[in-house]
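A short worksheet on the structure shown next.
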There are 2 protein chains.
Amino acid sequence: MNSNGESTAQARETGTLGKLMVLLDLVTHADAPLRFTDILALAGQPRGTLHRQLTHLVEEGLLELDGDGRYAPGLRLLDFAARSWARNEFRLIAEPHLRDLQQATGETVHLGVLRGQSIIYLDKVEGRQPVRMYSQIGNASPCYCTGVGKAALSLLPAESLVDLLAGLSFTSFTASTHISAETLLAEIREIADQGYAFDREEHEAGIRCVAAPVWSEDRTFMGGISITGPAYRLSMELLHQWSVPVQLAAGRIMEGMRIRLGPRR
Amino acid sequence: MNSNGESTAQARETGTLGKLMVLLDLVTHADAPLRFTDILALAGQPRGTLHRQLTHLVEEGLLELDGDGRYAPGLRLLDFAARSWARNEFRLIAEPHLRDLQQATGETVHLGVLRGQSIIYLDKVEGRQPVRMYSQIGNASPCYCTGVGKAALSLLPAESLVDLLAGLSFTSFTASTHISAETLLAEIREIADQGYAFDREEHEAGIRCVAAPVWSEDRTFMGGISITGPAYRLSMELLHQWSVPVQLAAGRIMEGMRIRLGPRR
DNA sequence: TATCATTGTTCCATTATTTGGAACTTAATT
DNA sequence: AATTAAGTTCCAAATAATGGAACAATGATA
């Protein structure tokens, strides 16, 4: 249902809103538009209830109902997201430094933030080829098998980290994906010590990265930046060398935030 | 508050969800993160009520609350949008044709869809410069002063069109922006006859475009594609010539939809 | 074409959630 | 320290959501 094997859904108790968000998650995570009956089976709710809920979501533009009675994510979500992205302070401050890093290495640079158990990518800077927008931006990826994710986890206080790891369900994307909290925890402690993380083809075979953690002082944003590329071009030795520029860029981003947002944060 | 002078908000009666969406609109349309008291003034609700509503929105990740007590759009919106965009059938089918059109003309090509009184841009294909993602995609623009918007309006049945125009409030972005329903209606009738529309620097001074309408058979998508560029490079004569390739591309997109989605739609 | 099965929609008494005023806590200001 | 403003919690009353069942529309089958 979700290419990442992860869901953003969390059965929180937010009353009416919470129930509706579960539905929205259901439809947006599906691979294709869903029929009423499909959703009925997935949601396990009385028909009348479900029908009214879907109607409300459609009326608000969060879902769309086509001529064949299939529900798809609504375009109003795009408008919300465009605004959310355009004014995100963290991203705005980071952007020039991501570009510099891309220029210096010639490889793709990412910026991601931890939200729940997922990393949400806020920006991506590639080389020449025109970026397919949204290709990566906005995507939620697992935190336990991405460089940015592990870098972000290394920022958590011990207790929160253990709690988060306890709630993870591991999917083995490649042969080197972590599949237990123990080995992951060990690596995260190491990352916390050295200040940078690798992705050794753990999410996608043939793809490696080096990442460094970045955070805002109020801990609203805990994430990382990474340099990503094909394993044949990025030897582990090269990635070790690049751990320096990534960390430097991360430092400059955090300095930028202090200047721009004031010392209070 | 909104750079377009437009709002996507519509005071529908969707109970609890509707009220929460008004709040979400408020925060996402603001130019900067808002404090509790700011929202209190704007929303005009009792403090207790507002507080709980905001808490729910934050718990669901639709809003975020930073260390200074300021509310900003939540990043979960990005995840939703990324999914909404990645699988949008209309966009997927249109994409190769947009590229062709961009190649043929060398100018920027847009795909937009009518939603309420706004055009939501689904895609944008530019020339060499790496696209700043979300730069245009997802943005909601007024329908009455954009090429895509007027092309989309030309698809509406007479009655719906009149209703929609009656509800518009016109903002004079440039000297040539339509500021009355009468002149706009006249032009839209003309557009419906000839099958293509111009934007004669009506939204932004110095920017012109030619657009052609595109729609799905079930009328779920009523929008258009356009070629846009600076007035000094795009003479009205050239735009008249380009009305042919835009219409051809529009035709191919619609043909593609019929093939891909089956004859039933 | 008539019949049956499936899918989707509406209704309304019951149940649960939201509401909003006020009391309360905390932070900022004089 | 006193005062004001900002943010949070509480609970009886008002409102909205629920879910079972009846109803309608669609589509498949004989």
Side-chain angles (χ1 to χ4, degrees), chain A residues 9-27 30 32-72 74 217-220 261-265, chain B residues 10-27 30 32-60 62-72 74 217-220 261-265:
Chain A
Q10 305 211 13
R12 297 188 194 83
E13 269 320 319
T14 30
T16 305
L17 179 63
K19 294 166 200 161
L20 291 171
M21 294 305 286
V22 169
L23 280 184
L24 194 53
D25 248 348
L26 248 166
V27 176
L34 297 173
R35 291 252 185 74
F36 180 82
T37 317
D38 302 330
I39 305 177
L40 188 63
L42 290 166
Q45 294 203 70
R47 300 149 75 92
T49 302
L50 181 67
H51 187 262
R52 185 182 29 74
Q53 289 172 331
L54 290 174
T55 305
H56 282 179
L57 288 168
V58 168
E59 281 177 6
E60 289 298 335
L62 300 179
L63 290 182
E64 300 196 351
L65 178 58
D66 70 18
D68 293 352
R70 303 182 311 164
Y71 291 88
E217 282 189 40
D218 67 1
R219 301 269 153 166
T220 304
L261 301 176
R264 194 57 68 82
R265 297 165 57 101
Chain B
Q10 303 212 15
R12 296 187 194 84
E13 270 321 320
T14 30
T16 306
L17 179 62
K19 295 166 201 162
L20 291 171
M21 293 305 286
V22 170
L23 280 185
L24 194 52
D25 248 346
L26 247 165
V27 177
L34 297 173
R35 315 187 107 238
F36 180 82
T37 319
D38 301 331
I39 305 178
L40 187 62
L42 290 167
Q45 293 205 70
R47 301 147 75 89
T49 302
L50 182 66
H51 187 262
R52 185 183 29 75
Q53 288 173 331
L54 290 174
T55 304
H56 282 179
L57 288 168
V58 168
E59 280 178 6
E60 289 297 335
L62 300 179
L63 290 183
E64 300 196 351
L65 179 58
D66 69 18
D68 294 350
R70 302 183 311 165
Y71 291 87
E217 281 189 42
D218 66 0
R219 299 270 154 165
T220 303
L261 302 175
R264 193 61 65 82
R265 295 164 58 102

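Model, not experiment: these values are computed from the prediction.
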Per side chain to side chain contact (heavy atoms under 4.5 Å, CB included), Leu63(B) is matched among Leu20(B), Leu23(B), Ile39(B), Leu54(B) by Leu54(B)
Residues at least two apart in sequence or cross-chain that pass side chain to side chain contact (heavy atoms under 4.5 Å, CB included) with Leu65(A), listed by chain then number, are Val58(A), Tyr71(A)
Separation of dA16(D) atom P from Leu17(A) atom CG, nearest Å, is 16 Å
One should read off an interatomic distance between Leu50(B) CG and Lys19(B) NZ, to the nearest 0.5 angstrom, of 13.0 Å
Atom CD of Gln53(B) and atom P of dT9(D) are separated, to the nearest Å, by 16 Å
Residues 36-54 of chain B vs side chain to side chain donor-acceptor pair (under 3.5 Å), sequence neighbours excluded, gives Gln45(B)-Gln53(B)
Task: Whether Asp66(A) side chain and Asp68(A) backbone form a donor-acceptor pair below 3.5 Å - done: yes
Check: Using a cut-off of less than 4.0 Å, is there contact between a side-chain N or O of Lys19(A) and OP1 or OP2 of dT18(D)?
Finding: yes
Is Met21(A) close to Leu24(A) at the side-chain level, that is, under 4.5 Å between some pair of heavy atoms?
yes
Counting just side-chain N and O atoms, does Thr16(A) come under 4.0 Å of either OP1 or OP2 of dA16(C)? no
> Any side-chain heavy atom of Leu34(B) within less than 4.5 Å of one from Leu42(B)?
Replying inline: yes
Atom CE of Met21(B) and atom P of dT18(C) are separated, to the nearest Å, by 16 Å
Measure all distances between protein nitrogen or oxygen atoms and nitrogen or oxygen atoms of nucleotides 24-26 of chain D, and list the pairs falling under 3.5 Å.
none

On a heavy-atom basis, the closest approach of Gly74(A) and Glu64(A) is CA-CG, 3.4 Å
The contact string for nucleotides 7-13 of chain C, one letter per nucleotide 5' to 3', using protein heavy atoms under 4.0 Å with B, S and - for base, sugar-phosphate only and none, comes out as BBBB---
Rounded to the nearest 0.5 Å, the CG atom of Leu17(A) sits from the NE2 atom of His56(B) at a distance of 7.5 Å
- Task: Look at the side-chain N and O atoms of Gln45(B) and state whether any lies under 4.0 Å from the OP1 or OP2 oxygen of dT18(C).
- Result: no
When rounded to whole Å, the CG to C1' distance for the pair Leu50(A) and dT18(D) reads 12 Å
If each end axis of the helix from dT1(C)-dA30(D) to dT30(C)-dA1(D) is fitted on five C1' pair positions, the angle between them, to 10 degrees, is 40°
